[in-house]
Amino acid sequence: MSQYVLALDQGTTSSRAIVFGHDGRAVATAQQEFEQIFPKPGEVEHDPEAIWETQLATARQALAEAGIGAEDVAAIGVTNQRETAILWDRNTGKAVHNAIVWQSRLTAPICDRLKAAGHEQTFREKTGLVVDAYFSGTKVKHLLDTIDGLRARAEAGDVLFGTVDSYLIWRLTGGKVHITDYTNASRTLMYNIHTLDWDDELLKILDVPRAMLPTVCNSSEVYGETDEQLFGGKIPIAGIAGDQQAATFGQACFEVGTAKNTYGTGCFMLLNTGDKAVKSENGLLTTIAWGIGGEITYCLEGSIFIAGAVVQWLRDGLGLITDSADVEKLAATVPDTGDVYFVPALVGLGTPDWDQNARGTIVGLTRGTTQGHLARAALESMAFQTRDVLEAMQRDSGVTLENLRVDGGASANNLLMQFQSDVLGVPVLRPVVAETTALGAAYLAGLAVGFWKDRSDVTKNWALDREFTPEMSTEEGDARYARWREAVSRSRNWAEPS
Ligand SMILES: Nc1ncnc2c1ncn2[C@@H]1O[C@H](COP(=O)(O)OP(=O)(O)O)[C@@H](O)[C@H]1O
Ligand SMILES: O=P(O)(O)OC[C@H](O)CO
C-alpha cells in the first residue's frame with residue numbers, strides 16, 4: 001500500500017514538490033526558483049521549458065529525499081500559478097512562445113478595446129471575472145494575432161492552449177492528456193462558470209478556436225498516469241486546482257462563509273459561497289473553488305497582484321535586504337512608518353480598484369525617512385490591500401468574518417501578521433503547515449484514490465501554529481486605513497492609457 005502523495009506546486013517564482021504522509025505533514029520538500037523574464041516594463045514571461053524542468057527536477061528530488069520510488073506514491077496532485085497562458089505544438093510538445101504570465105500587462109490594450117466595444121458586461125456575467133490583462137483569454141488572443149499562421153494551426157488542433165496545470169500534465173503523461181480542471185478554466189475569461197462549458201460567444205469575441213482548448217475535468221479524479229520513464233514507474237495523476245483554490249481546500253474552508261488569505265507573490269483571499277455564484281458589486285471575482293463529482297463550489301475572490309513581490313523588489317530592485325525574511329528585522333527598527341505609505345501598484349491594481357494604469361507610489365517621504373520606514377510601509381501595504389478585499393467581501397456576501405486563515409511565504413512574517421490582525425480587527429490564524437497550496441493539491445489527489453477517506457480527514461489534520469489577535473484600537477486602524485485609501489488615489493491612472 002502506497003504511503004505517500006506527491007504534490008507539484010508550480011508557483012510564479014518557483015517550482016516546488018512536496019511528499020505528504022497520511023497525517024498531512026510534509027515528509028520531503030524540494031524547491032527551485034526560475035528566471036522571471038521582463039521583456040518590457042509591465043510585461044512578465046516565463047520559459048515553459050524552465051517551468052517543466054524545475055518542476056520535474058523538484059519532483060525527483062523530493063522523492064529521493066523521502067527515500068521512496070514511484071510505487072510508494074498513491075497519487076500526484078498538481079497545483080499552479082493561475083491564468084498564465086502557454087501555447088504549444090501538439091506534435092513536438094514545444095511551446096510556440098514564452099508563457100505570458102498572469103502579472104503581465106501586455107494585453108491591456110486588447111482589454112481596453114474589448115471594453116470600448118461594449119463587451120465588458122458579457123464577460124463579467126458569463127465568467128465572473130473582469131476584463132483585465134490578468135486573465136488568460138486576451139493573452140491567447142495576443143499570441144494568435146501576432147504569430148504568423150498560428151490561428152490556422154490552432155484551428156486544425158495542431159497548436160494547444162493550456163494554463164500551467166494543462167502544460168505540466170501534457171508533459172507528465174508524455175503528450176497523451178490535454179485537460180484542465182474547473183478552477184483553472186474559471187480563470188481564462190473563456191469559460192462560462194454557469195453552464196460549465198467553454199463559451200462560444202466569448203470565443204468568437206476573442207477569436208480563439210475551441211479546438212485548441214483542453215477538456216475540463218473535476219478537481220479530484222484520476223486523469224491518467226505519468227510516463228513511466230519520468231519516475232521509474234507510473235503514478236496516477238488525480239488532483240488539479242489553481243494554487244489559490246488548492247490553498248482554500250488545504251485550509252479546510254469547506255463551510256460557506258469560511259475564508260483564507262495566501263501571501264505569496266500576490267495575495268489572494270477566497271471566501272466559500274457554496275453552490276451559489278454570488279455576483280460582486282465591489283470588484284471581487286466570482287470563481288470556482290473546486291468541482292468534485294460534477295458538483296461545483298463557488299467562491300468570491302479578491303486578487304492582489306503584488307504582495308510578497310514587494311519584498312522581492314526591496315531585495316532585488318533596491319538591494320535593501322539580501323533575504324526576504326530580513327524585511328521583518330528591518331521593519332522592526334522603527335515603531336511605525338512615520339506616515340509613509342507604499343502602494344505597490346507595480347503591475348497596476350487588482351481588487352477593488354482594477355486599474356491597469358496605476359503604478360507604484362510611495363507618499364509621505366521626509367528627510368527623516370529610513371530604510372526601516374520603507375520596509376515597514378511595504379509590509380503594511382499587504383495588510384491594507386487585504387483590508388480593501390475584506391471590506392468588499394463583507395459588503396458583497398453579507399458575511400462578517402470571525403477570523404482569517406492565512407498561509408503562503410510572507411505569512412511567516414510575525415510583524416506583518418500582527419499588523420494584519422490590527423488593521424482588520426479580526427483574529428488571524430496561521431496553521432502549522434504553511435504550504436497549504438501543495439497540501440490542498442495532495443488532498444484532492446489523495447481523496448480521488450481513497451488515500452484519505454473524505455473531507456473530515458482534511459479538517460482533522462488542520463492544526464494551529466499561532467493566532468494573532470487585534471492589539472490596535474478600531475479608531476486607529478480605521479484612521480490608518482483611510483490614509484491608505486488616500487495614498488491609493490495618488491497611484492491611480494499614472495501609466496499612459498493604452
Ligand atoms: N519573512 C517574509 N516576510 C515577508 N515576505 C516574505 C517572507 N518570506 C518570503 N516572503 C515573500 O513571499 C513570497 C514567496 O512566497 P511563496 O508562497 O513561495 O510565493 P509563490 O508561490 O507566489 O512563488 C516572495 O515574494 C517573498 O518575497
Ligand atoms: O504564484 P502565486 O502563489 O503568487 O499565485 C499566483 C496566482 O495563482 C495568480 O492568480
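Ligands are counted one by one from 1 in listed order, and the atoms in each one are counted from 1 as well.
Numbered from 1 in the order shown, with element, the atoms of ligand 2 that lie under 4.0 Å from a heavy atom of E83 read 9 (C), 10 (O). In summary, the atoms of ligand 1 found under 4.0 Å from a heavy atom of R16, numbered by their order in the structure, are 16 (P), 18 (O), 21 (O). Using a 4.0 Å cut-off to heavy atoms of V327, the atoms of ligand 1 that qualify are 3 (N), 4 (C).
For the pair R405 and W462, the cation-pi test (distance below 6.0 Å, angle within 45°) is passed. A cation-pi arrangement is absent between R376 and F342, since the terminal nitrogen or guanidinium carbon is not both under 6.0 Å from the aromatic centre and inside a 45° cone about the axis.
Considering backbone and side-chain N/O of T13, one or more are found under 3.5 Å from N/O of ligand 1. Residue-to-ligand polar distances place G308 within reach of ligand 1: an N/O pair is separated by less than 3.5 Å.
For W88 and Y167, the ring centers are positioned less than 6.0 Å apart.
Scanning all protein heavy atoms for the shortest distance to atom 8 (N) of ligand 1 gives G409 O, 3.5 Å. The nearest heavy-atom contact from the protein to atom 1 (N) of ligand 1 is A325 CA, 3.5 Å. Scanning the protein heavy atoms around atom 26 (C) of ligand 1, the nearest turns out to be S324 OG, 3.4 Å. When hydrogens are left out, the protein atom nearest atom 22 (O) of ligand 1 is T265 OG1, 2.5 Å; that is the closest non-hydrogen contact. If you check which protein heavy atom lies closest to atom 3 (N) of ligand 1, you get N413 ND2, 3.0 Å. In terms of protein heavy atoms, atom 1 (O) of ligand 2 is closest to T12 OG1, 2.5 Å.
With a 4.0 Å cut-off on non-hydrogen atoms, D243 touches ligand 2 through its side chain and not its backbone. The backbone and the side chain of A410 each have at least one atom closer than 4.0 Å to an atom of ligand 1 (non-hydrogen atoms only).
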